[in-house]
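Remarks on the structure that follows.
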Amino acid sequence: MAILKLKPSCKDYLWGGTRLMTEFGKEFSGEKLAETWELSCHPDGPSIVENGEYAGETLSEYILMEGKKVTGTRSRKYEQFPLLIKFIDAKDDLSIQVHPNDDYALKNEGQYGKTEMWYIVDCEEGAGLYYGFSREISKEEFVERIGQKTLLEVLNKVEVQKGDVLFIEPGTIHAIGKGNLIAEIQQNSNVTYRVYDYGRKGADGKERDLHIEKALQVTNRIPIMRKKSFEPHVVSCDYFTVDKIVLDGQRMKRMFGEIDRSSFASLLVLDGEGTVRSHEEHVPVKKGDSIFITANTGEYELEGSFEALLTTV
């Protein structure tokens, strides 16, 4: 079996909405669904194989049983599965936060740092996000503004549109604003240092923890230049390459590709429906589906009318 359909792990964070349930068909019994971890071997939220002989097993268990050949040669340099892919529905603003790099995170947290990208699947009119600082600030001013709750005044606010892409390197202070529905491709990490959270309280009635001391050590306090293009890819970096697939069902209704032994491929369907085929296997896909195609699968075919992000290591 080379084509696995995955069931996500669901997260009901307090800022989440309902669109992942109502529009993307995610099964969840709670009132809010903030994130679905679509491709995940992380212990905080593993995805589950839905089809074939391994149905019901976690993706991690499948890889353990089949061997690392299914993830590809580029993944061998990582002790852990390298990627984590999510859908995020921000009904409310997310906290202002920063992620460490690999060296800091491995030393202090026992897991990788986080390089990530955001693809704006959909957004409300006027929706935005925070991306770095609007000007250079000192460490002392950073501390002072956190304490005085005036940090937003020196952050760079970016208005976004459907289809926009942002690449977020470790050390970049950032936050997703309300009204955004995002596909996030990132390193396999759940390390986040929160520096401001609007004074919100969790289910226990207490304000959520901040991680100011660690954030001070890893935050880049100068403005970030936003990369305009990673042509010919949506994003390409040391950890992942992401391409956009667009089949209109008419002029462009079929696409062929090949997956060699270097990397698996993740197909995240953003809209529409179609079929993924390889050799004797064929798996129907629709909006919201997450597909894992094993390394060294060889030739494959995509057919239908859908948009998707194709990610490799």
Side-chain angles (χ1 to χ4, degrees), residues 11-17 32 34-35 44 84 86 88-118 120 123-124 126-160 166-180 182 184 186-187 189-227:
K11 305 294 182 180
D12 61 348
Y13 305 136
L14 76 171
W15 43 261
K32 295 180 179 180
E35 295 183 357
D44 291 345
L84 177 57
K86 309 173 180 176
I88 299 173
D89 177 19
K91 179 70 173 177
D92 200 357
D93 295 318
L94 275 68
S95 63
I96 308 299
Q97 56 190 243
V98 66
H99 305 305
N101 62 23
D102 284 346
D103 289 343
Y104 187 93
L106 287 168
K107 179 180 178 181
N108 293 276
E109 310 293 349
Q111 57 180 305
Y112 296 125
K114 192 188 291 188
T115 296
E116 64 186 8
M117 65 150 279
W118 293 334
I120 310 299
C123 60
E124 297 175 2
L129 46 83
Y130 290 107
Y131 183 72
F133 290 97
S134 58
R135 60 172 174 82
E136 184 173 358
I137 69 168
S138 66
K139 189 172 183 178
E140 292 72 24
E141 183 180 359
F142 191 21
V143 173
E144 184 178 330
R145 286 190 174 276
I146 291 172
Q148 295 178 348
K149 297 180 171 54
T150 60
L151 189 60
L152 298 184
E153 295 176 7
V154 291
L155 297 185
N156 177 39
K157 190 167 186 180
V158 179
E159 190 167 316
V160 294
L166 278 96
F167 180 65
I168 300 124
E169 295 180 285
T172 304
I173 197 163
H174 62 278
I176 298 172
K178 63 182 179 181
N180 283 299
I182 286 176
E184 179 176 278
Q186 59 162 87
Q187 288 179 264
S189 172
N190 198 24
V191 179
T192 294
Y193 298 148
R194 198 181 296 126
V195 296
Y196 179 63
D197 195 35
Y198 306 91
R200 290 181 294 203
K201 297 179 180 179
D204 59 1
K206 299 178 181 179
E207 291 189 10
R208 296 199 295 171
D209 291 338
L210 301 181
H211 314 97
I212 296 169
E213 289 303 318
K214 289 181 176 179
L216 290 173
Q217 296 180 59
V218 304
T219 301
N220 184 357
R221 300 187 309 277
I222 63 174
I224 306 298
M225 293 296 294
R226 180 178 172 184
K227 285 195 176 184

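Note that this is a predicted model, so its numbers are computed, not measured.
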Q | Salt-bridge contact Lys114-Glu109 (side-chain N to carboxylate O under 4.0 Å) | A |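 Salt bridge absent between Lys114 and Glu109.
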
* Asked: Is it true that atom NZ of Lys91 has more than 12 heavy atoms of other residues, nucleotides or ligands lying nearer than 6.0 Å?
  ->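 12 or below, so no.
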
Notebook entry, point to check: So do Val191 and Pro100 actually touch side chain to side chain, heavy atoms under 4.5 Å?
Noted result: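 They are in contact (side-chain heavy atoms under 4.5 Å apart), so the answer is yes.
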
Nearest heavy-atom neighbours spanning [X] and [Y]:
{"X": "Tyr196", "Y": "Leu210", "result": "N-CD2, 4.0 Å"}
{"X": "Val98", "Y": "Ile173", "result": "CG2-N, 4.2 Å"}
{"X": "His99", "Y": "Thr192", "result": "CE1-OG1, 3.1 Å"}
{"X": "Asp209", "Y": "Arg194", "result": "O-NH1, 2.6 Å"}
{"X": "Leu84", "Y": "Ser189", "result": "CD2-O, 3.8 Å"}
{"X": "Asp93", "Y": "Trp15", "result": "O-CB, 3.9 Å"}

Full working for side chain to side chain contact (heavy atoms under 4.5 Å, CB included) between Glu141 and Val154: CA-CA 10 Å; Glu141 183 180 359; Val154 291; 4.0 Å; yes

Between [atom1] of [X] and [atom2] of [Y], what distance do you get to the nearest 0.5 Å?
{"X": "Leu14", "Y": "Lys32", "atom1": "CG", "atom2": "NZ", "answer": "6.0 Å"}
{"X": "Ile176", "Y": "Asp89", "atom1": "CD1", "atom2": "CG", "answer": "10.0 Å"}
{"X": "Ile168", "Y": "Glu184", "atom1": "CD1", "atom2": "CD", "answer": "7.0 Å"}
{"X": "Tyr131", "Y": "Met225", "atom1": "OH", "atom2": "CE", "answer": "9.5 Å"}
{"X": "Tyr130", "Y": "Asn156", "atom1": "OH", "atom2": "CG", "answer": "10.0 Å"}
{"X": "Thr219", "Y": "Lys214", "atom1": "OG1", "atom2": "NZ", "answer": "13.0 Å"}

message = Under the criterion side chain to side chain contact (heavy atoms under 4.5 Å, CB included), I'd like the reasoning laid out for Ile96 against Asp197: C-alpha separation, chi angles, the key distance, then a yes or no.
response = CA-CA 6 Å; Ile96 308 299; Asp197 195 35; over 6 Å; no

Exercise. For Glu116 and Lys86, run side chain to side chain contact (heavy atoms under 4.5 Å, CB included): C-alpha distance rounded to whole Å, both residues' side-chain angles, the deciding distance at 0.1 Å, then the answer.
Key: CA-CA 11 Å; Glu116 64 186 8; Lys86 309 173 180 176; over 6 Å; no

Check your understanding: Any side-chain donor paired with an acceptor under 3.5 Å for Asn108 and Gln217?
Key ->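 The answer is no; no qualifying pair exists.
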
Is there a donor-acceptor pair under 3.5 Å between the side chain of [X] and the backbone N or O of [Y]?
{"X": "Asn101", "Y": "Gly113", "result": "no"}
{"X": "Gln187", "Y": "Thr115", "result": "yes"}
{"X": "Gln111", "Y": "Asn190", "result": "yes"}

Carefully, step by step, assess Val160 and Trp118 under the rule side chain to side chain contact (heavy atoms under 4.5 Å, CB included).
-> CA-CA 11 Å; Val160 294; Trp118 293 334; over 6 Å; no

- request: Give the ring-plane orientation class for Tyr104 versus Tyr193, where under 30° counts as parallel, over 60° as perpendicular and anything between as tilted.
  value: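 Plane angle over 60°, so perpendicular.
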
